[in-house]
> 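Attaching a single structure in structure tokens format; questions to follow.
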Amino acid sequence: MTRFLAFTLYGPLCSWGEVAVGEERGSLGQPTKSALLGLVAAALGIERSQAEEHLALHRDLGMAVLALNPGRPLRDFQTVEVPRHKQGVSHATRREEILGLDDRDNPIISYREYRMDSIYLAALWQRETHSGYDLEQIRQALLEPRFTLYLGRKSCPPAWPLDPQLMEADTIKEAVSRAARRLFACLESIQGPGRDPRLADLVQNQRGSLHWEPDPTAPSGMDRASVLGFVRRDTRPQRGRWQFMPRDESQAGFDLDGIGEA
């Protein structure tokens with residue numbers, strides 16, 4: 001059996017950045033590994049400058065995400081204005097840049113994509129290379145995070161308790177199914193003024209999707225005939241250059257019908 005740490009991710013807004021080209025900043029329909037482990041690192045109190053600590057998390061932890069509801073896309077834009085390059089002129093601060101603008105400088109429009117009302121279940125496990133933080137330390141950190149947690153961007157805080165739970169399961173499918181049953185039971189038990197019918201409605205879909213890293217440490221339990229393979233560039237971050245390395249990801253449909261009664 002494999003030991004898993006499962007937790008819930010829900011927010012009115014989230015953004016899971018994929019490969020960005022030019023002024024377009026898109027979002028996948030499920031969390032990337034860099035976003036998920038960035039949240040874990042924030043909970044643990046790991047700063048961006050601690051590159052080795054981040055690399056250890058990416059090396060030691062496998063991840064899976066069950067997208068109960070990927071939400072609806074939302075697109076907005078931002079404007080950024082900087083002065084044109086002038087030979088022999090440099091600016092030490094943003095204030096100096098702004099003061100250096102003239103009528104010939106034009107703003108750049110940068111587009112951002114978000115997901116609205118998305119809800120996911122994440123599962124982490126330790127690989128055989130594990131040498132850093134264990135799952136119990138991560139669970140405690142998610143309960144009492146050192147830094148503020150957010151879902152991809154700082155403007156996207158979680159709107160539901162993460163409720164991190166340790167469990168042992170034979171497969172990833174079993175682990176996320178148990179976590180889903182716990183979440184469904186929690187939503188059904190909330191009555192009175194605190195009940196949010198909109199959140200309960202989000203998990204009434206008959207079908208979700210499971211995304212996971214192929215890893216002999218944690219068998220998926222999914223039918224191989226239904227599995228699709230992808231390459232994501234979202235692991236082992238190089239913060240100085242904002243670059244990420246590729247990894248393999250598998251994806252398959254996940255039947256949610258009746259899981260709450262199982």
Side-chain angles (χ1 to χ4, degrees), residues 1-11 14-16 18 27-37 39-40 61-73 115-125 127 135 151-152 158-188 198-232 234-235 247-262:
M1 299 186 79
T2 304
R3 199 178 193 212
F4 293 92
L5 174 63
F7 51 95
T8 303
L9 299 174
Y10 165 70
C14 61
S15 186
W16 313 116
E18 52 182 338
S27 173
L28 295 174
Q30 75 282 345
T32 59
K33 186 169 186 178
S34 57
L36 192 60
L37 295 190
L39 181 144
V40 168
L61 296 174
M63 102 166 186
V65 173
L66 174 58
L68 297 169
N69 191 322
R72 295 169 293 151
R115 310 292 299 189
M116 297 187 295
D117 283 331
S118 304
I119 185 166
Y120 310 94
L121 288 168
L124 302 176
W125 64 89
R127 294 195 171 116
L135 295 182
L151 306 180
W160 182 263
L162 273 63
D163 188 28
Q165 297 295 318
L166 288 171
M167 65 183 74
E168 290 190 349
D170 290 324
T171 64
I172 296 171
K173 180 180 180 180
E174 179 187 345
V176 296
S177 295
R178 288 168 58 185
R181 286 195 290 272
R182 178 182 175 90
L183 173 62
F184 295 170
C186 180
L187 293 174
E188 291 173 0
R198 182 184 62 173
L199 181 56
D201 289 344
L202 293 179
V203 296
Q204 296 306 311
N205 294 334
Q206 298 301 305
R207 195 164 180 80
S209 60
L210 182 65
H211 310 256
W212 72 94
E213 289 187 283
D215 184 352
T217 308
S220 72
M222 303 296 289
D223 180 5
R224 290 185 179 181
S226 64
V227 175
L228 299 176
F230 297 88
V231 175
R232 305 291 187 202
D234 64 356
T235 191
R247 67 176 177 89
D248 293 328
E249 181 182 273
S250 296
Q251 175 183 332
F254 196 96
D255 188 7
L256 299 173
D257 187 24
I259 196 172
E261 292 78 33

> Which pair of heavy atoms, one from Met222 and one from Ala252, lies closest together, and at what distance?
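The answer is CE-CB, 3.8 Å.
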
> Rounded to the nearest 0.5 Å, what separates atom OG in Ser34 from atom CG in Leu39?
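Output value for this atom pair is 11.5 Å.
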
> Which pair of non-hydrogen atoms, one from Leu61 and one from Glu213, has the smallest distance, and what is that distance?
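Minimum heavy-atom separation between Leu61 and Glu213: O-OE1, 3.9 Å.
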
> Nearest 0.5 Å, please: how far is OG1 in Thr217 from CD1 in Ile172?
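Rounded to the nearest 0.5 Å, the CD1-OG1 separation comes out at 10.0 Å.
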
> Passes side chain to side chain contact (heavy atoms under 4.5 Å, CB included), Arg247 versus Val231? Steps please.
CA-CA 6 Å; Arg247 67 176 177 89; Val231 175; over 6 Å; no

> For Ser177 and Lys173, work out which heavy atoms get closest and say how close.
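Looking at all heavy atoms of both residues, the closest pair is OG-O, 2.7 Å.
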
> Is any side-chain heavy atom of Leu124 closer than 4.5 Å to a side-chain heavy atom of Phe7?
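Yes, their side chains come closer than 4.5 Å.
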
> Any non-hydrogen side-chain atom of Thr171 less than 4.5 Å from a side-chain atom of Thr2?
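When only atoms from C-beta onward are counted, Thr2 and Thr171 do not touch, as no gap falls below 4.5 Å.
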
> As an exercise, state the distance from CG of Leu36 to CD of Gln30, rounded to the nearest 0.5 Å.
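Answer rounded to 0.5 Å: 11.0 Å.
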
> Assess, by modelled atom type and distance only, whether the side chains of Asp234 and Trp16 contain a donor and an acceptor separated by less than 3.5 Å.
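On atom types as modelled, these side chains do not qualify, holding no pair under 3.5 Å.
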
> Over all heavy atoms of both residues, which pair between Gln251 and Phe230 is shortest? Give the atoms and the distance, please.
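Closest approach of Gln251 to Phe230: OE1-CE1, 3.3 Å.
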
> Are the side chains of Asp255 and Arg207 in touch, meaning some heavy atoms are under 4.5 Å apart?
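Yes; the side chains approach each other to less than 4.5 Å.
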
> Does Arg182 reach the side chain of Gln165, with side-chain heavy atoms less than 4.5 Å apart?
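Yes, side chains in contact.
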
> State whether Glu249 and Arg232 are salt-bridged, where the test is any N-O pair (Lys NZ or Arg NE/NH1/NH2 against Asp/Glu carboxylate O) under 4.0 Å.
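Yes, charged N to carboxylate O under 4.0 Å.
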
> Got a second to check how far Leu9's CG is from Leu121's CG, nearest 0.5 Å?
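Separation between the atoms: 8.0 Å.
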
> Ignoring hydrogens and geometry, is there a side-chain-to-backbone donor-acceptor pair from Arg115 to Gly71 under 3.5 Å?
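Judged by distance alone, yes, a pair lies under 3.5 Å.
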
> A side-chain contact here means heavy atoms from C-beta on lying under 4.5 Å apart; do Trp212 and Pro219 qualify?
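A side-chain contact under 4.5 Å is absent here.
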
> Which pair of non-hydrogen atoms, one from Tyr10 and one from Ser118, has the smallest distance, and what is that distance?
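Taking every non-hydrogen atom into account, CD1-O, 3.1 Å.
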
> Between Tyr120 and Asn69, do the side chains contain a donor N or O and an acceptor N or O under 3.5 Å apart?
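Distance-only check fails for Asn69 and Tyr120.
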
> Quick one: CE on Met1 to CD on Glu168, what's the gap to the nearest 0.5 Å?
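These two atoms lie 5.5 Å from each other.
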
> To the nearest 0.5 Å, how far apart are CG in Asp215 and CE in Met63?
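Taking CG in Asp215 and CE in Met63, the distance rounds to 12.5 Å.
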
> Would you please test Leu135 and Leu166 for side chain to side chain contact (heavy atoms under 4.5 Å, CB included) and show each step?
CA-CA 8 Å; Leu135 295 182; Leu166 288 171; 3.6 Å; yes

> Taking all non-hydrogen atoms of both residues into account, name the closest pair between Arg178 and Ala169 and its distance.
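Heavy atoms only, the tightest pair is NH1-CB, 4.2 Å.
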
> The test is side chain to side chain contact (heavy atoms under 4.5 Å, CB included); show your working for Val176 and Val65 and say whether it passes.
CA-CA 8 Å; Val176 296; Val65 173; over 6 Å; no

